[in-house]
Amino acid sequence: MKNKWILITGASSGFGAATALAFAQSGANVVLGARRVDRLEAVAKEATAAGASSASVHALDVSCSGSVGRFLEWVKTITPQIHVLVNNAGGAMGLDTVANGKDEDWESMMQTNVLGVLRVTRATLPLMVPFSTGHIINIGSIAGRVAYEGGAAYCAAKAGELQITRALRLELSGTNIRVSTVDPGLAETEFSVVRFKGDEARAAKVYEGVTPLTAGDVAEAIFWVASRPQHVCIDEMVMKCTDQAAIHKVNRKIKS
Ligand code: NDP
Ligand code: 8X3
């Protein structure tokens with residue numbers, strides 16, 4: 001990936017930050033967006049130390065069209081071309097049943113996981129199509145494939161991401177642009193702390209007795225998908241930790 005330009009959304013923590021480092025190690029230029037710019041700057045510093053050709057950061061809120069527009073205008077001032085777009089920004093808010101669900105949580109999940117992917121992709125395609133090359137890698141979830149109680153809106157959002165990936169794959173047929181989704185299961189990042197609105201004890205329980213995926217595991221998979229030869233497109237990759245045989249079947253080794 002030496003000297004290639006890689007745009008990663010949600011690069012201030014978790015999968016996005018680890019993916020920035022994975023591409024940095026291969027000598028790529030990483031272009032990083034998220035709302036917490038101080039965190040992005042720390043990731044860019046690490047990416048530079050890890051071998052990135054360059055590491056550039058800018059504020060990005062994928063839930064706001066204006067912010068996405070300003071971000072891409074800034075991207076165009078540093079490069080005319082993006083080789084890989086990783087649509088990673090997103091997450092879950094709450095674990096309420098539909099009966100108890102909150103509009104603000106539902107709206108936030110749809111804005112980031114669904115509309116954010118659409119907005120950033122639309123804005124980035126002009127930096128791929130004229131070059132007849134590019135790779136869009138969306139980060140979905142096993143939640144987009146199997147429903148669980150309390151997950152209605154998040155599962156719906158990630159199912160939306162999966163269908164966006166599939167539609168884009170068809171729409172971009174003949175352009176040489178690849179489209180993939182990487183869909184992890186349980187992975188320990190800030191995901192659950194965000195979902196439970198800062199309740200770290202509740203978040204820790206999600207991973208209790210389990211050896212979950214790490215951000216590094218997922219980043220490695222994203223990098224692998226991106227580094228296949230041009231004629232190979234990994235359409236859909238599902239990855240789970242060995243302890244998670246299915247969304248509801250998690251092997252927990254909890255001491256009694
Ligand atoms: P983290 O909470 O660690 O990272 C989420 C990232 O998304 C942060 O960098 C955050 O940055 C960014 N983000 C959130 N909202 C916005 C927004 N409106 N605009 C721009 N950036 C935003 O969680 P993960 O790394 O685990 O999550 C990354 C992706 O992986 C998400 O799409 C999540 O749904 C998905 N996923 C997670 C799994 C898990 O178990 N951890 C499993 C499967 C999928 P900031 O707050 O600075 O804006
Ligand atoms: C995150 C995985 O199972 O917590 O997308 O929804 S799960």
Side-chain angles (χ1 to χ4, degrees), residues 7-21 32-43 57-68 70-71 86-95 105 107-117 119-120 137-162 164-165 181-198 202-203 205-207 210 212-219 221-222 237-241 243-250:
L7 196 172
I8 305 167
T9 70
S12 59
S13 70
F15 302 166
T19 302
L21 294 185
L32 312 177
R35 293 165 302 179
R36 292 171 296 175
V37 175
D38 55 332
R39 294 279 297 262
L40 285 179
E41 280 164 353
V43 174
V57 311
H58 193 280
L60 169 66
D61 182 350
V62 299
S63 70
C64 167
S65 282
S67 175
V68 173
R70 286 188 292 280
F71 182 80
V86 184
N87 272 317
N88 163 74
M93 291 303 281
L95 191 61
D105 289 346
E107 283 163 11
S108 158
M109 287 185 271
M110 295 301 161
Q111 279 291 347
T112 53
N113 298 290
V114 180
L115 298 177
V117 171
R119 290 186 184 106
V120 175
I137 304 178
N138 296 330
I139 307 307
S141 168
I142 57 168
R145 295 170 179 271
V146 184
Y148 58 86
E149 306 88 330
Y154 182 63
C155 294
K158 288 304 195 189
E161 174 278 337
L162 179 59
I164 291 166
T165 304
T181 185
V182 173
D183 296 358
L186 276 176
E188 193 162 8
T189 60
E190 294 175 22
F191 174 86
S192 292
V193 176
V194 172
R195 168 171 247 175
F196 298 127
K197 303 172 186 176
R202 191 174 175 198
K205 282 235 164 250
V206 174
Y207 313 105
V210 177
L213 297 174
T214 65
D217 295 329
V218 177
I222 294 168
M237 176 191 276
V238 176
M239 59 186 296
K240 298 191 265 84
C241 65
D243 280 333
Q244 187 173 34
I247 211 152
H248 282 100
K249 187 155 179 74
V250 179

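Whatever order the structure lists ligands and atoms in, that order sets their numbers, starting from 1.
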Considering non-hydrogen atoms of the protein only, which is the closest contact for [atom], and what is the distance?
atom	value
atom 5 (C) of ligand 1	G90 O, 3.7 Å
atom 10 (C) of ligand 1	S12 OG, 3.8 Å
atom 44 (C) of ligand 1	G140 O, 3.0 Å
atom 4 (O) of ligand 1	S13 OG, 3.1 Å

Query raised in the report: Does Q111 reach ligand 1, in the sense of a heavy atom lying below 4.0 Å from it?
Result: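 Q111 does not count as a contact of ligand 1 under the 4.0 Å cut-off.
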
Query raised in the report: Is the closest heavy-atom distance from S108 to ligand 1 below 4.0 Å?
Result: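 It does not, in that no heavy atom of S108 comes within the 4.0 Å cut-off of ligand 1.
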
**Report entry** For ligand 2, the residues whose heavy atoms come within less than 4.0 Å (ordered by chain, then number)
**Finding:**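 Its neighbours under 4.0 Å (heavy atoms only) are S141, A143, Y148, Y154, F191, given by chain and number.
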
Requested in this report: Select one of side chain, backbone, both or neither to describe which atoms of I142 lie under 4.0 Å from any atom of ligand 1, heavy atoms only.
Outcome: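 Under 4.0 Å from ligand 1, I142 contributes no heavy atoms.
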
Can you check whether [X] has an N/O within less than 3.5 Å of an N/O in ligand 1?
X	value
A187	yes
P184	no
G33	no
T112	no
G10	yes
D61	yes

Query raised in the report: Is K205 atom NZ crowded by more than 12 heavy atoms from other residues, nucleotides or ligands, each under 6.0 Å away?
Result: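 At most 12 heavy atoms, drawn from other residues, nucleotides or ligands, come within 6.0 Å of this atom.
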
